[in-house]
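Working notes, beginning with the structure itself.
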There are 2 protein chains.
Amino acid sequence: MASHGVRGRSGGRPTLEEVAARAGVGRGTVSRVINGSPRVSDATRAAVEAAVEELGYVPNTAARALAANRTDAIALVVPEPETRFFAEPYFSDMLKGVGSELSDTEMQLLLIFAGSDRERERLAQYLAAHRVDGVLLVSVHADDPLPDLLTQLEIPAVISGPRSAAEPLASVDSDNYGGARSAVEHLLSRGRGRIAHITGHLAVYGAQRRVDGYRDALREAGHEVDEGLIEPGDFTEEGGRRAMAELLRRHPDIDAVFAASDVTAAGAGQVLREAGRRIPDDVALVGYDDSAIARHMEPPLTSVRQPIEEMGRAMIDLLLAEIADRRPAASRGLERHQVVLATELVERRSS
Amino acid sequence: MASHGVRGRSGGRPTLEEVAARAGVGRGTVSRVINGSPRVSDATRAAVEAAVEELGYVPNTAARALAANRTDAIALVVPEPETRFFAEPYFSDMLKGVGSELSDTEMQLLLIFAGSDRERERLAQYLAAHRVDGVLLVSVHADDPLPDLLTQLEIPAVISGPRSAAEPLASVDSDNYGGARSAVEHLLSRGRGRIAHITGHLAVYGAQRRVDGYRDALREAGHEVDEGLIEPGDFTEEGGRRAMAELLRRHPDIDAVFAASDVTAAGAGQVLREAGRRIPDDVALVGYDDSAIARHMEPPLTSVRQPIEEMGRAMIDLLLAEIADRRPAASRGLERHQVVLATELVERRSS
DNA sequence: AGGTAGTGTGGGAGCGCTCCCACAAGTGAT
DNA sequence: ATCACTTGTGGGAGCGCTCCCACACTACCT
């Protein structure tokens, strides 16, 4: 750890000015060195770097932010009431990706909860005051006004899970469509013919895409799609129970269930067991997310894994690029700012 | 959301100066109102507040930080390689508590990962530069130099899970001792006599306390403590498997296992099943944490629940108090800065 | 020789606040 | 009426940076 970290307790941290004095140069020159400007001679640069090292100089972020009108901070906005999202590995894995990608930069990560109305009001103020250089949005509902606010304020933002096919914001997503297809194709290959689908909350675009994938996989295998086999859920365990009960009532002959999340699958599994159906003998079960629950269910649950950590990394990459683009009034290159990452089916004993 | 949030796009956000002009007062007066100083007449205060409202004024944090030499930010330091900690609900629940308690204040929450050496070096610089007003430390190992660094830099800090009984830092913890006792007493009351304990990582003080609770519960019930029934684990699933296998080899007659974490219990459960032992008929199983896994295991796992969200809240309370204490060179009241919260045994079918 | 670029450098101005000193006005004791 | 406080207020100084203009110096053309 920094051996010079505690030096200079007598009178606070060293300033740019002191570094300049020590190196025998002007304030501007030190600033240039610190910020990596090329217009500094090698000799001068070396002298300044030596002085920085000797004094253990660390720039004062507040001063920099004030003078340069940027914050070097990005916010991760968490719509907290979504406890589902929050408690699942989803969140921590994404955080891991975000953190690892961020550790190469000087950016700091702010965690902002936008659950209650009061918190949202505060967030709006926050953003209006331009207290962050960029925003990471996760798990946003289709009708959330937040993304539009960001666009309006011209704050760079990246959203995980686009709200629609026409998402105007930069976005990172996993291949929900392909993931669902792989799940259904897997069940078909196991000889299942009556495959039901318990959907996620359909206000979430990804949930819709999973339904699309389910339908297309069946169709392309030459099956007719029975819309009655598609039962709406909401990603929760309780939703899974409810949907499963309904499916069993209407279609006692189903031999497989593809659920839009692992907890939903867990809820469905309970109902199946209570109805005397064995998994996978009578009914095969496939979930989505490959969470810890999937590994610990009995039998362990086949599930679609999303590369969440990678998604976190991709979000940061996109966001940093947007921020950099905007810095010197760059050519607002409206390139493809949509990243979609592949999923992977993890086969376990439930199917 | 703030209707005035977007106003004044012509020329950036309003400043203190502009508010002052609008309210017909001086800069100092506005500052006083903003910061809630009592030395302002009611009439003036009202006028200023009106001006603030009309202009949609939001203070510039950077300027404030620079002038007042504080940051209004606290850091939550996450020792990231501890994936266990990170992925468990522990983390997100704590975050929830932290967030909810913080939403009443102007403080912002920084998430800092201190996994790799490079990240730790950066963190040290961060702290040395006093870029946060306080630090929340979670899941710190006994030999981590971080807490001492914080003490040395005189940065207010609160640690969750004290490193020892003599933890110098303010700390919040759940009652590991009592939690373990309640688990063992529960097993005893169910008529179990050969109760094994798979410990957590013993470098963690809380894991030691759980062992203490295990021992005392047995003793006070009149049982002799067989040290051979205590098998070291490390909170992981793999550790649980290893420990359980070892226990079965040495003591085939055990009829109950208390594991120091739910995932450890899950690992132990697998080994028990493979060995042909039925849960709970042959061997009762109790875990710790009451995580999602506990609910979804088959059979569902009896587990000790910690009030994690509350712990997060308590940490913030302590930290804010420490920061406030330090602000006007207050009387460094070395009161009891140790909070211990009660646990609760959640009974399920595994015992 | 004089011009015209380029390079590197110093330092003034200013970012938006807080802190604090100065001072006006009011209040009550002498 | 005088003095001593108290209360409320205005505004200068300064926090530590970045930005940018000015200037010295060099190099290469006419």
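Just so it is clear, the model here is predicted, and its values are computed rather than measured. Labels below follow one simple rule: chain letters A, B, ... track the order of the sequence lines, proteins then strands, and each chain is numbered from 1.
- Contact check, A/S31 against D/dT18: a side-chain N or O comes under 4.0 Å of OP1 or OP2.
- When the C1' atom of D/dG16 is taken as reference, atom CD1 of A/I34 falls 12 Å away, rounded to whole Å.
- The CZ-P distance, from A/R70 to D/dC17, rounds to 13 Å in whole Å.
- Nucleic acid contact class of A/R64 (heavy atoms, under 4.0 Å, all strands): sugar-phosphate only.
- Residue A/A63 has its side chain nearest to D/dG16 when only D/dG16, C/dG16, C/dT9 are considered.
- The side chain of A/S41 contributes no N or O atom lying less than 4.0 Å from OP1 or OP2 of C/dG8.
- No donor-acceptor contact under 3.5 Å links the side chain of A/R45 to the base of C/dG8.
- For the 3.5 Å distance criterion, the side chains of B/S100 and B/R313 qualify, holding a donor opposite an acceptor.
- Between A/P156 and A/V135, the closest side-chain pair of non-hydrogen atoms is not below 4.5 Å.
- Checking the phosphate oxygens (OP1, OP2) of C/dG10, no side-chain nitrogen or oxygen of A/R27 falls inside 4.0 Å.
- Residue B/R32 places its side chain closer to D/dG11 than to any other of D/dG11, C/dG10, D/dG16.
- If you check every strand for non-hydrogen atoms under 4.0 Å, B/T61 touches nothing.
- For B/R39, the side-chain atoms get nearest to D/dG8 when compared with the rest of D/dG8, C/dT9, C/dG16.
- Side-chain contact annotation: B/T71 with B/R131, donor-acceptor N/O pair under 3.5 Å absent.
- Comparing D/dC17, C/dG16, D/dG8 against the side chain of B/N60 picks out C/dG16 as the nearest.
- One interatomic measurement links the two molecules: CD of B/E17 to P of C/dC17, which rounds to 9 Å at whole-angstrom precision.
- In this structure, B/N35 reaches the C/dT18 phosphate: one of its side-chain N or O atoms is under 4.0 Å from OP1 or OP2.
- In this structure, B/V30 and B/A67 both approach DNA chain D, and ranking their closest nucleotides by distance from the 5' end singles out B/V30.
- You won't find any donor-acceptor pair under 3.5 Å spanning the side chain of B/R13 and the base of C/dG16, going by distance alone.
- The NE2 atom of B/H130 sits 13 Å away from the P atom of D/dG16 (whole-angstrom rounding).
- Taking 4.5 Å as the limit, every side-chain heavy atom of A/V158 sits out of range of all side-chain heavy atoms of A/D317.
- Rounded to whole Å, the distance from CD on B/E18 to C1' on C/dG16 is 10 Å.
- Comparing C/dG16, D/dT18, D/dC17 by their nearest atom to the side chain of B/L66 picks out C/dG16.
- Contact check for B/R64 versus B/N60: no side-chain heavy atoms found under the 4.5 Å cut-off.
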